[in-house]
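Let me begin by presenting the structure, written as structure tokens, before commenting on it.
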Amino acid sequence: MQIVILDDAAQVAAYGANIFAKQLLKKPASVLGLATGSTPVALYQQLIEKNKAGDISFSQATTFNLDEYLGLTGEHPQSYRYFMNEQLFNHVDIDKQNTHVPPGDAVNPLIACTEYEQKITAAGGVDVQLLGIGRNGHIGFNEPSSGLTSRTRVKTLTKATIEDNARFFAEGEYQPHLSITMGIGTILEAKKVVLLATGASKADAVHAMVEGPLMAKCPASALQLHKDAVIIIDKAAASKLE
Ligand code: F6R
């Protein structure tokens, strides 16, 4: 693992955005693995600016998102498809046909999981996968106790994750407890993995991922096995590293 510790969240976003920009310049038809959540928003903003400035193009790129709530259509404002359209895809020159988010409205979610894996393989595999990390060490929706070789599948969310994400749902609104997520084995097959974490609330999870034992209790610790994993964190998220 390469650990990059920067002063603040803005620097983390800029560093991460540069990795993706360089990837697109090196290989315009890159396959990018993308994430949702609060952390990547500033990175996506920078990619939008670079695209508008003509520095990078997504016109030949293909994307695969990590996860999606099961039970929400892409039109639902809390779906990850909607998030990606709003935060990135609507603002860059990507062909939406080449953007993939697990289908939260799949008639048969089990078949949809297998098909998602097949699409990633058919695209040639993910070149660079963006990740955030949950306070409990999850990556994607691979919650603690997820198999370290797991593939794309339906996962139940933990109480901690449901509580963390409740802020995005209106009071009384239906909040899904199930998701479709790439597995840890799927994520580990990306050629490069870039994880961003900012803020003191992530310090314990970052410590467990980087310095703890490799264990299913901290899914992100599986990144210790990856030969090209870059962990980009601010000082607050790094505060519990030895
Ligand atoms: C989202 C995802 C999640 C988030 C994690 C951190 O696609 O895969 O694992 O990366 O929950 O979320 P934030 O960035 O909101 O703290």
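Counting convention: from 1, in listed order, for ligands and their atoms alike.
- By the 30° and 60° cut-offs, the orientation of the rings of Tyr44 relative to Phe83 is perpendicular.
- Residue Gly132 has at least one heavy-atom neighbour below 4.0 Å for each of these atoms of ligand 1: 10 (O).
- Of the N or O atoms in Tyr80, none lie within a sub-3.5 Å distance of an N or O in ligand 1.
- What sits closest to atom 8 (O) of ligand 1 on the protein, heavy atoms only, is Asp67 OD2, 2.9 Å.
- For the pair Asp204 and Arg135, the salt-bridge criterion is not met [side-chain N within less than 4.0 Å of a carboxylate O].
- The distance criterion of under 3.5 Å between nitrogen or oxygen atoms is met by Gly140 with respect to ligand 1.
- Here the protein heavy atom with the shortest distance to atom 16 (O) of ligand 1 is Lys202 NZ, 2.6 Å.
- The aromatic ring centres of Phe89 and Phe58 sit 6.0 Å or more apart.
- For the ligand labelled ligand 1, residue Arg167 lies inside the 4.0 Å heavy-atom shell.
- At a threshold of 4.0 Å, the pair Asp127-Lys27 counts as salt-bridged, since one of the basic side-chain nitrogens sits closer than that to a carboxylate oxygen.
- Summarising the contacts of atom 13 (P) of ligand 1 with Thr39, Val101, Thr36, the nearest heavy atom is found in Thr39.
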ask   = Could you walk me through whether Asp228 and Lys191 pass the salt bridge (Lys or Arg N to Asp or Glu O under 4.0 Å) check?
value = CA-CA 7 Å; Asp228 191 5; Lys191 293 170 192 97; over 6 Å; no
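- Distances from atom 5 (C) of ligand 1 to the heavy atoms of His138, Glu68, Met84 show the closest one on His138.
- Side-chain contact check for Ser179 versus Leu157: some heavy-atom pair is nearer than 4.5 Å.
- Between Arg151 and Glu189 there is a salt bridge, since a side-chain N of the basic residue sits under 4.0 Å from a carboxylate O of the acidic one.
- The ligand atoms of ligand 1 that sit less than 4.0 angstrom from a heavy atom of Gly37 are 14 (O), 15 (O).
- Taking atom 15 (O) of ligand 1 as the reference point, the nearest protein heavy-atom neighbour is Ser38 N, 2.8 Å.
- Look at Arg135 and you'll find every heavy atom at least 4.0 Å from all atoms of ligand 1.
- Numbered from 1 in the order shown, with element, the atoms of ligand 1 that lie under 4.0 Å from a heavy atom of Leu66 read 8 (O).
- Distances from atom 6 (C) of ligand 1 to the heavy atoms of Ile133, Leu195, Asn65 put Ile133 nearest.
- Counting heavy atoms of neighbouring residues, nucleotides and ligands inside a 6.0 Å radius, atom NZ of Lys96 exceeds 12 of them.
- Put simply, the residue from Lys217, Glu143, Lys159 that forms a side chain to side chain donor-acceptor pair (under 3.5 Å) with Asn136 is Glu143.
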